[in-house]
Amino acid sequence: MLTAVLGMQWGDEGKGKLTHLLARDADLVVRFNGGPNAGHTVIDRGVKFGIHLIPVGAFHPGVTSVLASGMVIDLAILREEFEAIAAHRGEPPDLLLASNAHLILPYHRILEDLEGSGARIGTTRRGIGPAYRDKAARAGIRAGDLLTPDRLQDWLSRRLDLLRFSWPNAEPIADLSASAMAARLLQDATPFLEAIGDASRAIRAAAEAGKTILFEGAQGALLDVDFGTYPMVTSSATTFAGLGNGIGIPNPPVDRRLGITKAYTTRVGIGSFPTELSGQLGAWLQERGGEFGVTTGRPRRCGWLDLVALRHAAALNAPTHLAVTKLDILSGMKELKLCTGYRLDGETIGEFPADDGRLARCEPIYETLRGWEESIGEAHELSDLPGEARAYLDRISEGVGVPIGIVSVGPTPEETIICGF
Ligand code: IMP
């Protein structure tokens, strides 16, 4: 059985909780995109973790966690997370690092700061964009290069020469030394050197052997580098459409594709957000939902659920089921609004303009539904929910055209309704 967990919004949909839940039954958990820009909140046996890089399979014994070639890896962060989880579990997690996954190097973060991407497009400042750019420019260093230290140092010195040529007055770049950087990389990589290999072949073999594989997406469809709200996007393919390329398997036979959406919308950083609630209600949702970034601590902007954006995400992720998370946060709201269309330049449109400039001119058209008062954290089945909550879920499912398979009504694994997934 192959399952994929995919974000349907601008990230932070609650994928961490659900992948952690589904990873229990997996043989392999594969992350196929992004790097430490992602932030998954996971509660494992009562302990809360904010993890960024390591696939959530690392929390479960008997699961191999694969960092596939679509990712960019910061070894220092990977080592930190690996050691924290090893201490928590009492044994080290089993990892496989794709030899062709690119590394995030100290100069990637420096470049991001020199270029001001944090201020310009609100990036997480983890070196993501510059690392993917080096990959595309064929100037990157890959995990497999750690196995040939002489070549690693040679490539690093050539890369530094070029950087010094491009940034002659940048002190942080002048201060870098290829030999010190190589030594640090090899030191951070020590626990993983034997885990570097052909991830694509391992995933294919596991799929052919009928193993259970969970693909863990990072970020969400609206942050996809090609089909998201460009240029306010991340630098990788975040959708099911990109998964095959991120693992090197054409048309991967993924039986269950779970599209995760919050019961409302959030967005971190800069960029258009038609259903944003800027007043008291937005602040209330932010506070009540604990909407602060796991990676950067930045407050997340909050707004109504947007069916236009979700339909766009569904086209990219082809979900077999939706998972609606944080439904409990909406308890106590008198009424709820769902965005069903936009007004753009005097016309009504139902298609999502995946371009920040056009999206900025869109005004949402809303449908209003009744809210509910009751707290719902105790619900174990759909029938335990108030009628208004069920009506809200039904309208989402109808509006996106995808059945709902999971509803999350609280942060712990127990606070989950599995309905037909
Ligand atoms: P980058 O991925 O650090 O280059 O940031 C590009 C954009 O993606 C920024 O708006 C970030 O806030 C956003 N972003 C990247 N990763 C995540 C995530 O895991 N959750 C939410 N937003 C993210």
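Counting starts at 1 for both ligands and their atoms, in listed order.
Close contacts of ligand 1 with Gln219, meaning ligand atoms under 4.0 Å from a residue heavy atom, involve 15 (C), 16 (N), 17 (C), 18 (C), 19 (O). In the vicinity of Gly122, heavy-atom distances shorter than 4.0 Å reach the ligand 1 atoms 9 (C), 10 (O), 11 (C), 12 (O). Remark: ligand 1 atoms within the under-4.0 Å shell around heavy atoms of Thr234 are 1 (P), 2 (O), 6 (C). Interface of Trp10 with ligand 1, defined as ligand atoms under 4.0 Å from a residue heavy atom, comprises 21 (C), 22 (N).
Distances from atom 4 (O) of ligand 1 to the heavy atoms of Thr296, Thr123, Leu222 show the closest one on Thr123. The closest heavy-atom contact to atom 18 (C) of ligand 1, among the options Ile128, Asn37, Thr238, comes from Asn37.
Checking each of Asp12, Thr234, Thr238, Asn37 against Gln219 for a side chain to side chain donor-acceptor pair (under 3.5 Å) leaves exactly one that passes, namely Asn37.
Counting non-hydrogen atoms of neighbouring residues, nucleotides and ligands closer than 6.0 angstrom, the CD atom of Glu363 reaches no more than 12 such neighbours.
Asp12 OD2, 3.0 Å is the protein heavy atom nearest to atom 21 (C) of ligand 1. Shortest contact from atom 6 (C) of ligand 1 to any protein heavy atom: Val233 O, 3.3 Å. In this structure, atom 19 (O) of ligand 1 lies nearest to the protein heavy atom Ala38 CA, 3.2 Å.
The aromatic rings of Trp372 and Tyr392 sit tilted, their planes meeting at an angle between 30° and 60°.
With a 4.0 Å heavy-atom cut-off, ligand 1 is reached by no atom of Ile270. Residue-level proximity to ligand 1 for Leu223 is carried by the side chain, the only part with a heavy atom below 4.0 angstrom.
Under a 4.0 Å N-O distance rule, the pair Asp134/Arg159 qualifies as a salt bridge. At a threshold of 4.0 Å, the pair Glu291-Arg298 does not count as salt-bridged, since none of the basic side-chain nitrogens sits closer than that to a carboxylate oxygen. Classification of Glu13 and Lys262 as a salt-bridged pair fails, no side-chain N sitting under 4.0 Å from a carboxylate O. Between Asp394 and Arg390 there is no salt bridge, since no side-chain nitrogen of the basic residue lies less than 4.0 Å from a carboxylate oxygen of the acidic one. The existence of a salt bridge linking Asp113 and Arg109 is excluded, since no basic side-chain nitrogen approaches an acidic carboxylate oxygen closer than 4.0 Å.
Between Thr124 and ligand 1, a contact under 3.5 Å exists for at least one N or O pair. Among the atoms of Arg298, some N or O lies under 3.5 angstrom from an N or O of ligand 1.
Considering only residues two or more places apart in sequence or on other chains, Ala354 meets the side-chain contact (heavy atoms from CB on, under 4.5 Å) condition with His312, Phe352.
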